[in-house]
Amino acid sequence: MAHLHKQQNFCFVLFFMALTVVYARKAAEVSFQQNYKIIWGNPHHVFFLQHGREVQLSIDKTSGAGFRSKLEYGSGFFQMRIKIPNKDSRGVVTAFYLTSKAYEHMGAKHDEIDFEFLGNNGEPHMLQTNIFASDEGGREQRHSLWFDPTIDFHTYAILWNQHQIVFYVDGVAIRVFKNYSKLGVSYPSKQMHITASIWNGEPWASNGKRIDWNQAPFTAQFQGFNIHGCQTHYHNKYACYSPHLWWNDNKHWKLNPQQQQAYQNVRKKHLVYDYCSDRGKLHKECQMN
Ligand SMILES: *[C@@H]1O[C@H](CO)[C@@H](O)[C@H](O)[C@H]1NC(C)=O
């Protein structure tokens, strides 16, 4: 009897272990619907794959498509796995960004933190990043990538806390924007939605060339809909600066030495364009780098 009991207990333990595994997996990969919603494009331009754990957006002559987070965030570590169109996609922009645009109609100056893939013009793909703070943008940087972003999913991430904004590609910091508000440089502070889209970027994204619509539709895939961010819906903005949120912890106030080294290496090998070398005089932060 005692023996049977033990076996039963053992079964229970196994059962709960199995449950925990199932829940842990669920926690690791939430579905699109849980955190995001489609805001642009008709059903022809949006496909759900992998039981809602992957979304494909497409663009053709009639429309592009986009989605955004249901909630807004005041700080966090935002990431997504993205695969961009595998065709000659000159003029087509695939974007993943944070934006406070929802408040623009109320006259609020807008903040934005952007990843933008500029479609391929027969050259290697370029990843552009930009930052707007209180409507001041014009902070483009362009990087070549050390892989082909059309073949596999890669992880693109934005760390945003009171001290710095860091853009990461597959865990490597490619860009750092520090909070230099003490020098009078504005720093993104407004609550933002997480947004992704595929859109017609001609002529600026295509050097004046036209999109080759014969190749349409162009498709991009997105995965990874968990959000590590401070919801302004539940907290006020200042609560989003709490040191108890892991991305605000002092180890995320600046890059550590290894990250710094990898970052310098990327700057040396992959930074193709930097606004600071071009219009640095217009931006005080450029004098600090
Ligand atoms: C920028 O840094 C200042 C301190 O230098 C801080 O008071 C402010 O809250 C920071 N801004 C944002 C938006 O985090």
Side-chain angles (χ1 to χ4, degrees), residues 35 68-80 95-116 128-141 156-169 171-196 226-257 259-260 263 267 274-276 279-289:
N35 288 327
R68 80 170 184 204
S69 57
K70 292 179 177 170
L71 301 173
E72 293 160 289
Y73 300 87
S75 66
F77 182 78
F78 307 96
Q79 58 180 336
M80 202 156 284
F96 167 54
Y97 55 107
L98 306 177
T99 179
S100 74
K101 261 215 153 73
Y103 296 93
E104 219 172 22
H105 68 277
M106 288 150 59
K109 294 192 169 178
H110 115 276
D111 291 347
E112 195 169 298
I113 305 173
D114 295 320
F115 271 113
E116 289 173 319
Q128 175 164 292
T129 53
N130 199 359
I131 293 168
F132 290 78
S134 291
D135 277 349
E136 185 189 340
R139 295 192 167 104
E140 296 86 356
Q141 280 191 359
Y156 304 92
I158 297 167
L159 169 77
W160 173 36
N161 62 34
Q162 261 193 302
H163 304 273
Q164 62 173 358
I165 289 163
V166 184
F167 294 81
Y168 294 94
V169 174
V172 178
I174 64 153
R175 178 171 187 178
V176 178
F177 184 81
K178 290 184 186 290
N179 177 347
Y180 285 127
S181 65
K182 279 192 183 127
L183 301 178
V185 180
S186 4
Y187 188 77
S189 66
K190 295 179 191 74
Q191 52 197 40
M192 298 202 263
H193 283 107
I194 309 161
T195 309
N226 295 59
I227 298 176
H228 303 284
C230 173
Q231 295 171 13
T232 48
H233 181 68
Y234 296 121
H235 307 280
N236 70 37
K237 201 169 90 181
Y238 296 98
C240 289
Y241 300 156
S242 159
H244 300 300
L245 299 167
W246 67 259
W247 51 85
N248 290 337
D249 187 274
N250 64 9
K251 70 170 183 271
H252 300 291
W253 291 7
K254 60 176 191 190
L255 300 185
N256 68 35
Q259 289 175 322
Q260 183 68 29
Y263 167 60
R267 277 185 71 90
D274 185 2
Y275 74 108
C276 281
R279 301 184 304 274
K281 287 207 179 74
L282 301 175
H283 297 274
K284 274 194 203 137
E285 71 274 14
C286 292
Q287 281 129 52
M288 299 303 296
N289 295 334

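We count ligands from 1, going down the list as the structure has it; atoms in each ligand are counted the same way. No experiment lies behind these values; they were computed from the predicted model shown.
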Handout entry: Full working for salt bridge (Lys or Arg N to Asp or Glu O under 4.0 Å) between E140 and R279
Key = CA-CA 10 Å; E140 296 86 356; R279 301 184 304 274; 2.9 Å; yes
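Note on ring orientation: taking the six-membered ring where Trp is involved, the planes of F115 and F167 are perpendicular (angle over 60°, cut-offs 30° and 60°).
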Provide, line by line, the atom pairs where ligand 1 and the protein bring an N/O atom each to a distance under 3.5 Å; else say none.
from: ligand 1; atom 1: 2 (O); to: N179; atom 2: OD1; distance (Å): 3.3
from: ligand 1; atom 1: 2 (O); to: N179; atom 2: ND2; distance (Å): 2.3
from: ligand 1; atom 1: 2 (O); to: S181; atom 2: OG; distance (Å): 3.4
from: ligand 1; atom 1: 9 (O); to: Q162; atom 2: NE2; distance (Å): 2.7
from: ligand 1; atom 1: 11 (N); to: N179; atom 2: ND2; distance (Å): 3.0

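A side-chain donor-acceptor contact under 3.5 Å links N248 to the backbone of S242.
Residues E285 and Y187 have side chains that never bring a donor and an acceptor to within less than 3.5 angstrom of each other.
The one candidate from W246, W160, W247 that meets the ring pair (Phe, Tyr, Trp, His ring centres under 6.0 Å) condition with F77 is W246. Shown are M192, H228, Q231; of these, the side chain to side chain contact (heavy atoms under 4.5 Å, CB included) with Y73 is made only by Q231.
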